[in-house]
Amino acid sequence: MSKLISKWNYPTTVRFGAGRIKELPDVLAATGIKRPLFVTDPGLAKLPVVASTLKILDDAKVSYGVFSEVKPNPVDSNLTAGIAVFKKGKHDGVIAFGGGSALDLGKLIAFQAGQTRPIWDFEDVGDWWTRADSDAIAPIIAVPTTAGTGSEVGRAGVITNEATHTKKVIFHPKLLPAIVIADPELSVGMPGFITVGTGMDALAHCLEAYCAPGYHPMADGIAVEGARLVFENLPKAYANGKDLVARAHMMSAAAMGAAAFQKGLGAIHSLSHPIGALYDTHHGMTNAVFMPYVLAFNRDSIEERIARLAAYCGIKGGFDGFAKAIIKLRKELKVPHALPGLIKGLDMDKKRKALIADMAVVDPTAGGNPVKLTKKAALTLLENAIAGTV
């Protein structure tokens with residue numbers, strides 16, 4: 001029993017259900033936010049879903065500001081600009097509204113606006129988070145409009161260092177939003193590509209958390225049910241974007257994946273992060289491309305676990321059946337089988353491949369892979385993903 005020692009942390013208050021965005025003024029009052037900065041992405045800012053949400057604030061006579069300079073893979077200049085707007089508007093909290101990019105950046109604005117040290121000093125390394133002034137972190141409300149990252153229930157944010165072209169995970173317990181409004185109606189207008197990319201991101205979170213070493217049965221249980229929900233509902237949401245039931249289940253799966261991955265992630269993410277940083281690819285879709293190659297690489301360490309997962313998901317054939325189900329799901333959702341299908345005109349020389357491998361092995365998620373990710377292994381996985389060889 002000596003190995004059965006762990007530390008568990010679980011999510012925040014979530015107001016889940018269709019139409020609950022109308023409760024936003026009540027949520028602001030509950031968190032003590034009187035002058036929020038509404039953070040979203042530039043594409044979403046132009047859509048009716050943002051206009052209707054801001055009208056809710058207007059009708060409630062809430063004074064707010066809007067910031068939407070958010071790249072699909074947020075960079076430190078986005079953060080700097082957001083903090084400037086936050087300070088100029090004398091805001092006292094953040095409404096992070098959108099997909100993973102907007103949620104992450106909104107959280108990081110609330111976190112970093114009151115700090116005196118650079119953001120990189122709070123990378124998810126050891127106990128670096130203790131360097132932060134906790135009292136200076138503004139409260140956060142998260143409103144996801146996609147079903148993938150689960151950042152709304154996460155205690156971290158991902159941002160790219162423009163100088164080094166590396167993705168960094170910034171961690172602090174108070175990056176966890178105080179209250180989440182998870183309204184599946186907000187995700188109905190998602191384009192098919194985003195539905196698939198975010199949905200496969202949720203599956204990657206569930207899969208890697210479940211396979212990560214260590215003892216965390218609550219994370220395992222949540223990851224297993226999250227994976228089942230993705231297999232059952234992502235094809236439905238993709239086929240019919242107005243299927244509110246499927247959208248709701250996917251929104252649940254996204255939050256479940258993020259709740260579970262406190263146990264760990266793995267090589268899918270550690271390879272996806274440098275590709276996203278260097279080629280600005282969609283994170284979830286990049287995860288989807290790498291998924292079968294990493295699954296095969298980890299086989300010897302996870303075969304029994306995957307067989308149990310397959311059985312729970314109603315997939316026959318143990319590990320092999322599950323691996324085939326992943327390939328089938330990707331094909332049904334039109335996920336590129338290999339990196340050249342994701343990155344047009346991909347021409348990667350040895351130097352670039354070596355750089356990606358170097359970045360992958362030092363990524364914070366690499367340590368959670370059930371098989372040690374060496375540079376040689378990372379190079380092999382990258383080559384497989386380029387060639388499409390599982």
Side-chain angles (χ1 to χ4, degrees), residues 21 24 36-54 57 64-89 91 93-113 115 118-120 122 137-154 156-163 165-170 172 175 177 180-181 186-187 189-191 193-195 197-198 201 254 258 272-273 275-287:
I21 189 61
L24 184 55
L37 179 63
F38 187 94
V39 179
T40 190
D41 66 66
L44 204 57
K46 301 173 185 176
L47 298 180
V49 67
V50 165
S52 62
T53 301
L54 294 181
L57 297 179
Y64 61 88
V66 178
F67 179 77
S68 61
E69 295 176 32
V70 183
K71 294 186 68 176
N73 290 294
V75 295
D76 48 336
S77 60
N78 295 152
L79 178 59
T80 300
I83 290 172
V85 172
F86 185 90
K87 290 182 175 180
K88 184 177 181 180
H91 297 290
V94 165
I95 300 171
F97 186 98
S101 301
L103 295 180
D104 276 6
L105 192 72
K107 289 162 59 177
L108 290 175
I109 290 170
F111 169 79
Q112 185 64 14
Q115 304 303 320
I119 189 69
W120 315 122
F122 310 113
I137 302 171
I140 304 159
I141 294 168
V143 185
T145 62
T146 64
T149 69
S151 182
E152 66 272 14
V153 295
V158 178
I159 191 163
T160 297
N161 184 324
E162 291 174 286
H165 298 288
T166 54
K167 282 194 173 187
K168 299 292 185 179
V169 178
I170 309 302
H172 193 281
L175 275 170
V180 176
I181 296 178
L186 302 178
S187 69
M190 266 198 297
F193 177 87
I194 302 299
T195 296
T198 54
D201 193 23
S272 179
H273 283 158
I275 293 293
L278 295 169
Y279 295 95
D280 206 24
T281 56
H282 186 277
H283 171 66
M285 194 63 81
T286 312
N287 281 343

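Side chains included, hydrogens not; waters and symmetry mates left out as well; all remaining heavy atoms used.
A distance-only check finds no donor-acceptor pair linking the side chain of Asn73 to the backbone of Ala277 [under 3.5 Å].
Side-chain contact between Pro72 and His282: absent, with no pair of heavy atoms (C-beta onward) separated by less than 4.5 Å. Inter-residue side-chain proximity for Leu57 and Ile95 is flagged as met; some heavy-atom pair is nearer than 4.5 Å. Using a 4.5 Å heavy-atom cutoff, the side chains of His165 and Asn161 are not in contact. In this structure, Leu175 and His172 have side chains that are in contact, with non-hydrogen atoms separated by less than 4.5 Å. Here the side chains of Ile170 and Leu108 are in contact, with some heavy-atom distance below 4.5 Å. Contact of the Ile109 side chain with the Leu79 side chain is registered, since non-hydrogen atoms from C-beta on lie closer than 4.5 Å. Side-chain contact check for Lys168 versus Thr160: every heavy-atom pair is 4.5 Å or farther apart. The shortest distance between side-chain heavy atoms of Leu103 and Pro144 falls below 4.5 Å.
Between the NZ atom in Lys167 and the NE2 atom in His283 there is a gap of 6.0 Å [rounded to 0.5 Å]. Separation of atoms OG1 (Thr198) and CE (Met190) is listed at 4.5 Å; rounding is to 0.5 Å. Put simply, OG on Ser77 and CD on Glu69 are 8.5 Å apart, with the number rounded to the nearest 0.5 Å. Atom CD1 in Ile159 sits 6.5 Å away from atom CD1 in Ile119 (nearest 0.5 Å). Considering CD of Glu152 and CG of Asp104, their distance stands at 10.0 Å, rounded to 0.5 Å. Between atom CG of residue Leu37 and atom OH of residue Tyr64 there is a gap of 11.5 Å, rounded to the nearest 0.5 Å.
Ser151 and Lys107 share a donor-acceptor pair across their side chains, judged by distance under 3.5 Å alone. In this structure, a donor-acceptor pair under 3.5 Å is absent between the side chains of Ser101 and Asp41. Side-chain N/O atoms of Ser272 and Asn287 include a donor and acceptor closer than 3.5 Å. Of the N and O atoms on the side chains of Thr286 and Thr281, at least one donor lies less than 3.5 Å from an acceptor on the other residue.
Closest approach of Ala138 and Gly93 over heavy atoms only: CB-CA, 4.1 Å. When every heavy atom of Ala102 is checked against every heavy atom of Ala96, the shortest pair comes out as O-CB, 4.0 Å. Closest approach of Gly65 and His91 over heavy atoms only: N-CE1, 3.3 Å. The shortest heavy-atom contact between Pro177 and Val180 is CB-CG2, 4.3 Å. Between Ala254 and Ala147, the shortest heavy-atom distance links the atoms CB-C, 3.5 Å. Contact detail for Ala45 and Ser68: the closest heavy-atom pair is CB-CB, 4.0 Å.
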| said: Does Thr145 form a side chain to side chain contact (heavy atoms under 4.5 Å, CB included) with Leu44? I'd like the steps, not just the answer. | reply: CA-CA 9 Å; Thr145 62; Leu44 204 57; 3.6 Å; yes
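For Phe122, the ring-ring contact (aromatic ring centres under 6.0 Å, His included) partners two or more places apart in sequence, or in a different chain, are Phe111.
For an aromatic pair to be called close, the ring centres must be under 6.0 Å apart, and Phe38 with Phe67 fails this.
Of the options Leu24, Val50, Ile181, Ile141, a side-chain contact (heavy atoms from CB on, under 4.5 Å) to Phe97 is made by Val50 and by none of the others.
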